[in-house]
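Taking it in order: structure first as structure tokens, then the write-up.
Here the structure is a predicted model, which means the values were calculated and not measured. These values consider heavy atoms only, across backbone and side chains, with no hydrogens, waters or symmetry-generated copies.
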Amino acid sequence: MDKEWWKKAIVYQIYPRSFADSNGDGIGDIPGIISKLDYIASLGVDVIWLSPVYASPNEDNGYDISDYLSIHPDFGTMDDFDALIAEADKRGIKIIMDLVINHTSSEHEWFQKSRKGIEPYKDFYYWSDSWPGTPNNWTGFFGGGTWEYDSERKASYLHLFAPHQPDLNYHNPLVWEKINEILKFWLDKGVKGFRCDVINILYKDSLENGKKKMILTGSEHYLTLDGTHEILKKINKTLSEYGAFTVGETVFVDTNDAKLLTSPERKELNMVFSFQHMEVDQIIVKWFKKKFSWKKFIAVLDKWQRELEWNTIYLENHDQPRSVSRFGSMEYWKDSSKLLATLLLTLKGTPFIFEGEEIGMTNFDFVSMDEVEDVESKNIYKILSSVHLPKSIKWKMIKNTSRDNARTPMQWNGKDGAGFTTGKPWLGINKNKDKINVEMEERDKDSILSYYKTLISFRKKSEDLMEGDYKLMENGRDVTEYMRGGLSIILNHSDKEIKREIEGEILLSTENERKEGFLKPWEAIIVRK
Ligand code: TEU
Ligand code: CA
């Protein structure tokens, strides 16, 4: 097999809890995913990335793993997982898993033994009784402090995320050995790679106080350090024997860090998820939104396109609000969703589609905190309770940014339960399910879903889109144009009709009926120059 097969792939991310529920308990599961494999294959994608399906107390929906070698009963059994690999394989689809190894759940056996001081687990985590100078002043990713006191060990432990997500101590060589066994376990089952959760923060060089900052005080002690590069080389070595690939979720990296992390000679990661284009509508932290600007958005994407030989392209995932609600226009919901699809599938790199993006799912329409499940949102809301701000503003901050925006159940049809479940869904279903759903869009040749299929098959057949050089031609307030090989992609990301003569042959447009000499509002076209 081509060593760099993942450069030709399109990845579809599944958030298993929210995808398809086979047994009516309101939680999506693996048999549910298997029942939708024909649908996934019909999109033309090559790889499924599964958000965590491991055993977990679900304080952070599976990003807190209590056993890396078993499947959470909510999701099914190991036999179900094996069946998923086999059934996907029949359809030419590979499975990659989420690798969450910066931290475990506090219910993991390693932590339970560690807090009792049982060897060899005693120093599997960062305990204040083993590290002088702790607890320190570091602040965490979900807001608030990073040390939790444990009455059993009579010491505190470090957690960069929620208190039940203790950070693993990679100064202890045994930790890597255990992780390596886990990698091999899944690779032997036929898993073809990993999306590596917050992978650039694994190694902490010291636990001294950090420089005081607006966010993440202490981060200079763990962001993309040499110790992490060393671990990545080890992960790479194990995976290379299986022809598997990695995509790192890398927080606060710029293009220079990303080059180090992904350069083929260094043999670390294959690709990374950058956050910079996701930060265009934020002021320092995501809870402070500012007006989105296409010019800045394209400028950031352009920098990454120019500076990296190859990388991921994504507009959505389970941590981000829905792209059409954020970058598109609700008035031109269908057109702007198609335009975003065009951007996603014509840039240089490996595209990642998040479940529901292909039908234009929108942000959750929730009205109160009671409907929110996201641990991050709940934490922030708690912190906000001591801040003097009108309640309506606090709610707006949560509503616009909550990760639950992307986590509402997949809208398969317009019925009660949206075809997702026959029971009570774990998280509310968006009321627009009767207008936005797979069943309707499958029947409609002009739908967002149909456009995704057309565009994916167009991309696969186009050498220009698969491998062509990238060059930005125009970065305007209303219109963007870039070249991929001999193709020009023109996007009108405004609510206005724009006068524009097109030179060359228009191969694809988001519009059924084009208006000669104009770009319709939110029209995107691909032109052979
Ligand atoms: O996300 C890491 C991460 O950086 C996010 O916490 C981010 O800060 C925030 O979600 C942006 O809103 C990964 C996973 O994708 C996320 O779901 C987990 O909660 C987190 O790691 C901890 O494992
Ligand atoms: Ca279920």
Side-chain angles (χ1 to χ4, degrees), residues 6 9-20 27-30 32-34 36-37 39-54 60-63 75 81 84-85 88 91 93-100 186 191-199 244-250 269-275 277-278 311-324 326 337 340-341 343-345 347 349-363 374 403-412 420 427 438 448-449 452-453 455-456 459:
W6 41 268
I10 297 176
V11 184
Y12 186 80
Q13 180 191 354
I14 292 182
Y15 196 67
R17 279 184 93 69
S18 303
F19 193 61
I27 302 171
D29 45 52
I30 294 172
I33 297 173
I34 294 175
K36 300 295 184 189
L37 281 175
Y39 167 76
I40 297 168
S42 78
L43 297 173
V45 302
D46 314 271
V47 177
I48 292 172
W49 151 26
L50 281 185
S51 274
V53 290
Y54 314 92
D60 189 14
N61 289 350
Y63 285 90
F75 294 135
F81 183 82
L84 173 63
I85 299 244
R91 293 161 178 85
I93 295 174
K94 300 179 172 66
I95 304 284
I96 71 165
M97 293 186 91
D98 219 303
L99 183 73
V100 189
W186 294 104
V191 164
K192 278 292 168 229
F194 295 95
R195 174 268 188 191
C196 310
D197 193 64
V198 290
I199 202 71
F245 83 99
T246 50
V247 47
E249 188 214 24
T250 46
L269 295 164
N270 295 120
M271 298 179 272
V272 298
F273 288 124
S274 152
F275 281 72
H277 64 298
M278 290 285 131
N311 199 24
T312 60
I313 323 162
Y314 79 94
L315 301 175
E316 280 186 24
N317 61 42
H318 64 292
D319 289 337
Q320 300 290 340
R322 290 288 184 179
S323 60
V324 62
R326 194 172 172 188
S337 295
L340 290 167
L343 180 67
L344 178 67
L345 290 156
L347 284 174
T350 301
F352 284 69
I353 302 169
F354 179 62
E355 63 177 45
E357 188 175 8
E358 76 279 19
I359 57 170
M361 277 178 66
T362 63
N363 276 353
D374 176 14
R403 305 188 298 180
D404 282 349
N405 281 310
R407 298 177 179 184
T408 60
M410 181 73 181
Q411 292 162 209
W412 295 102
F420 162 73
L427 182 68
V438 171
I448 298 164
L449 179 58
Y452 261 90
K453 291 181 188 172
L455 189 54
I456 288 172
R459 179 185 166 101

Carboxylate-amine/guanidinium contact D319 R407, below 4.0 Å:
yes

For the atom pair CG (N61) and CG (D404), what is the distance rounded to the nearest 0.5 Å?
8.0 Å

Taking only residues two or more places apart in sequence, or in another chain, which ones meet E358 in a side-chain hydrogen bond (donor to acceptor under 3.5 Å, both in side chains)?
Y12, Y39

Of the non-hydrogen atoms in V438 and M410, which two are nearest, and what is the gap between them?
CG2-CE, 3.8 Å

Can you sort out the partners of R17 under salt bridge (charged side-chain N to carboxylate O under 4.0 Å, His left out), two or more places apart, ordered by chain and number?
none

NE2/H277 to CD1/I313 distance, rounded to the nearest 0.5 angstrom?
9.5 Å

Under 3.5 Å, is there a donor-acceptor pair between the S274 and Y314 side chains?
no

Are F81 and W186, when compared by the centres of their aromatic rings, separated by less than 6.0 Å?
yes

Is the gap between the ring centers of Y15 and W49 under 6.0 Å?
no

Nearest heavy-atom contact between G349 and P351 is O-CD, 3.4 Å

Q320 side, atom CD; R403 side, atom CZ - distance, nearest 0.5 Å
9.5 Å

Do L43 and I353 have side chains that get closer than 4.5 Å, going by heavy atoms?
no

What I'd like to find out is whether the side chain of L344 reaches to under 4.5 Å of the side chain of E357, using heavy atoms alone.
yes

Name the one of L99, I199, L269 that satisfies side-chain contact (heavy atoms from CB on, under 4.5 Å) with F194?
L99

Heavy-atom closest pair, residues E316 and P321
CG-O, 4.3 Å

Spatial distance of atom CG (D29) from atom CD1 (I33) [nearest 0.5 Å]
7.5 Å

Side chains of V247 and F273: does their closest heavy-atom pair fall under 4.5 Å?
yes

Exercise: identify the closest heavy-atom pair between W412 and A20
NE1-CB, 4.2 Å

Hey, which of D98, V191, I96, I95 is the one that makes side-chain contact (heavy atoms from CB on, under 4.5 Å) with L50?
I95

Test of understanding: with salt bridge (charged side-chain N to carboxylate O under 4.0 Å, His left out), list the residues that count as partners of E355, not counting sequence neighbours.
none

Heavy atoms only: give me the nearest S51-P16 pair and the separation to one decimal.
O-CG, 3.5 Å

With sequence neighbours excluded, tell me which residues meet side chain to side chain contact (heavy atoms under 4.5 Å, CB included) with N270.
W6, F245, T246

Nearest 0.5 Å, what's the OG-CD distance between S18 and Q411?
11.0 Å

Are any non-hydrogen side-chain atoms of I93 and V47 less than 4.5 angstrom apart?
no

Indicate yes or no: at least one non-hydrogen side-chain atom of I14 is less than 4.5 angstrom from one of I40.
yes

With sequence neighbours excluded, what pairs up with T312 under the side-chain hydrogen bond (donor to acceptor under 3.5 Å, both in side chains) test?
none

Taking ring pair (Phe, Tyr, Trp, His ring centres under 6.0 Å) as the test, write out the residues that go with Y452, two or more places apart.
none

Just verifying a value: how many Å separate L37 CG and R91 CZ, rounded to the nearest 0.5 Å?
5.0 Å

Shortest non-hydrogen contact between G360 and V324, atoms and distance
O-CG1, 4.0 Å

Between R195 and E249, is the closest basic N to carboxylate O distance under 4.0 Å?
yes

Does the side chain of T350 come within less than 4.5 Å of I10's, by heavy atoms?
no

Side chain to side chain contact (heavy atoms under 4.5 Å, CB included) for V272 and N311? Distances and angles first, verdict last.
CA-CA 6 Å; V272 298; N311 199 24; 3.8 Å; yes

Report yes if the side chains of Q13 and I48 come closer than 4.5 Å at any heavy-atom pair, otherwise no.
no

